[in-house]
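The structure appears right after this line, and notes come after that.
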Amino acid sequence: MEWVLVKNLKDHVGSEVELRGWVYNQRASGKIRFIILRDGTGTVQCVLVKAENPGLFEKAADLTQESSVILTGSIREEPRSPSGVEITLNSFIIIGRADPYPITLKEHGVDFLSENRHLWIRTPRQSAILRIRSTAEQACREFLHGRDFVLADSPIITPAACEGTSTLFEISYHEEKAYLSQSGQLYNEATAMALNRIFCFGPTFRAEKSKTRRHLMEFWMLEAEAAFFEFEDNLKLQEELVFHLVRTVLDRHSQDLRLLNRDIEKLEAVSLPFPRVSYTDALKLLISEGHQIQWGEDFGAPQETAISEKYQSPVFITHFPAGIKAFYMEPDPANPEVILGADMLAPEGYGEIIGGSQRISDPDLLRKKIAEHNLPVDTFSWYLDLRRYGTVPHSGFGLGIERTVAWLCGIEHVREAIPFPRTLYRMYP
RNA sequence: UCCUCGAUAGCUCAACGGUAGAGCAACCGGCUGUUAACCGGUAGGUUGUAGGUUCGAAUCCUACUCGGGGAGCCA
């Protein structure tokens, strides 16, 4: 008998098939049982009538929540079913009978759910988010490969800070100190000089004691870098990538988005080109609205939210003051006080999802900036080499996948956008 | 690091200075179409830890532990 995934049941209406999965729930009266099976691709209700098969009916009393089963049954259309199909159960075997399952169908608190993350991910909502994450990652790769970008993975163990700002996780590299990467960017610049257009996609680590719905200690970042790309090329690439992500998730996950109660209209409203506002103009706007902030100060979360809420699409904040951005960002020739970089803020207050810039290509200027930031020149010696040997203008950006997925899914917290979140006070399980 | 909130049954919560309760889960029974099914019953507790105030503390005070939300920083 053919083994079919729940999500494909509609293609087999009328036939008898085998299903393999876990019992999501069971309801029973004296004469009829409803067993909801989940197999990770969806859920389906299986019906068992006592009069038709008394032996099987009794045996099914043993099907506790999350017991694993292989069952056979006939698929039929059923107007009363939310998915339109239902299974008439013919037989089943229990692979592993589950003990009383901690995560019931009732409400639970964040602490308990986090402590049981390994089981929490089995719930329909969490599964939907993780499926969307998978598609978002796939769409990133599809998009960049389609634009002739080459995947060039950057190292996770690094000898020193990439940007010298954030706190790093220190590890012991045999007798030496080493650090977990907080960005693959500097290595990306090297691979871009070798391969022209490249990207890396992997975990990145921040040891800052951040403790908000937008922060994880370990998160995944898509970082692209392109030789000969200037500021404008960079922004265009970013907005087209993010637009592609939105469209792809809408196309492939309407059911998951519905399950998450996502307001789909807000995603459908995203359109190209994305709005742009310079730091200076954004600042004026914020001051006119009563924010206490001066030129040269970075925007905080409340400011970012205030700006992003004015637009339906993600918005670029461009031309930040050089003093609040990383040392490698190219100054604007028209005004060297500001840099040719931009942050992309997601709508609905989800915060910064991309940070990017054109990079300094002049070796002398780069050396000067390294000194100004009090960074050790010798650890950047190889990075300076990139400017010694055939320097070119180039640009890149980093996209935080969890924040992006959280926005796409409309969920409250980035911890639900990754299978096993690492937060400030929790790394179990 | 700072601000803020919290910890009571397996889970979600109530009891607010005077005998620790409810719903769900578990277990037993009932029910022919349920969608977090429903109905009846049984069992389940050193109220996060340590001290203090009091005739009496889940409740008030102090410290600690663990966690939630936020600030800063960032994706």
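Values below: every heavy atom of this structure, side chains too, minus hydrogens, waters and symmetry copies. Lettering follows sequence order; numbering is per chain, from 1.
- Considering only side-chain N and O atoms, Arg33(A) lies nowhere under 4.0 angstrom from the phosphate OP1 or OP2 of C31(B).
- A distance of about 37 Å separates the P atoms of G17(B) and A26(B), rounded to the whole Å.
- Of the candidate nucleotides C31(B), A71(B), G68(B), G68(B) has the atom lying nearest to any side-chain atom of Arg426(A).
- Across all strands shown, A22(B) forms a Watson-Crick or G-U wobble pair, both distances under 3.5 Å, with U12(B).
- The shortest distance between the side-chain N/O atoms of Arg214(A) and the OP1/OP2 oxygens of A71(B) is below 4.0 Å.
- Partner assigned to U54(B) is none, using Watson-Crick or G-U wobble distances below 3.5 angstrom.
- Against RNA chain B, the stretch residues 51-75 of chain A makes no heavy-atom approach under 4.0 Å.
- Ring centroid separation for the pair Phe320(A) and Tyr279(A) comes in under the 6.0 Å cut-off.
- Spacing of C1' atoms, G29(B) relative to U65(B), comes out at 45 Å, to the nearest Å.
- Between G72(B) and C3(B), the distance separating the two P atoms is 16 Å to the nearest Å.
- Taking the six-membered ring wherever Trp is involved, the centroid distance between the rings of Tyr328(A) and His373(A) does not fall below 6.0 Å.
- Set against C74(B), G70(B), G67(B), the side chain of His215(A) has C74(B) as its closest nucleotide.
- The nucleotide C27(B) finds its pairing partner in G41(B), both defining distances of the Watson-Crick or G-U wobble pair being shorter than 3.5 Å.
- Side chain of Glu352(A), nearest nucleotide from G69(B), U32(B), A75(B): A75(B).
- Closest to the side chain of Glu86(A), from the set G70(B), U34(B), G68(B), is U34(B).
- For the pair Arg27(A) and U34(B), the criterion of a side-chain N or O lying under 4.0 Å from OP1 or OP2 is not met.
- For Thr212(A), taking side-chain heavy atoms from C-beta onward, the closest of the listed nucleotides A37(B), G33(B), G72(B) is G72(B).
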Given protein heavy atoms under 4.0 Å, the one-letter contact record of nucleotides 5-14 of chain B, with B base, S sugar-phosphate only and - none, is simply ------SS--
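- Across the C1' atoms, C24(B) and A9(B) are found 12 Å apart, a figure rounded to whole Å.
- Relative to the side chain of Pro302(A), the nucleotides C74(B), A71(B), G67(B) differ in distance, and A71(B) lies closest.
- Of the candidate nucleotides A75(B), G72(B), G33(B), G33(B) has the atom lying nearest to any side-chain atom of Gln45(A).
- G67(B) and C5(B) make up a base pair, with Watson-Crick or G-U wobble contacts both under 3.5 Å.
- For G67(B), the base has no donor-acceptor partner in the side chain of Ser114(A) [N/O atoms by modelled type, under 3.5 angstrom].
- Residue Arg403(A) has its side chain nearest to C74(B) when only C31(B), C74(B), A36(B) are considered.
- Residues satisfying the side-chain contact (heavy atoms from CB on, under 4.5 Å) test with Leu365(A), not counting sequence neighbours, are Glu330(A), Pro331(A), Ile360(A), Asp362(A), Lys369(A).
- Residue Glu304(A) has its side chain nearest to C74(B) when only U34(B), A37(B), C74(B) are considered.
- When distances are taken from the side chain of Glu78(A) to each of A36(B), G33(B), A71(B), the shortest belongs to G33(B).
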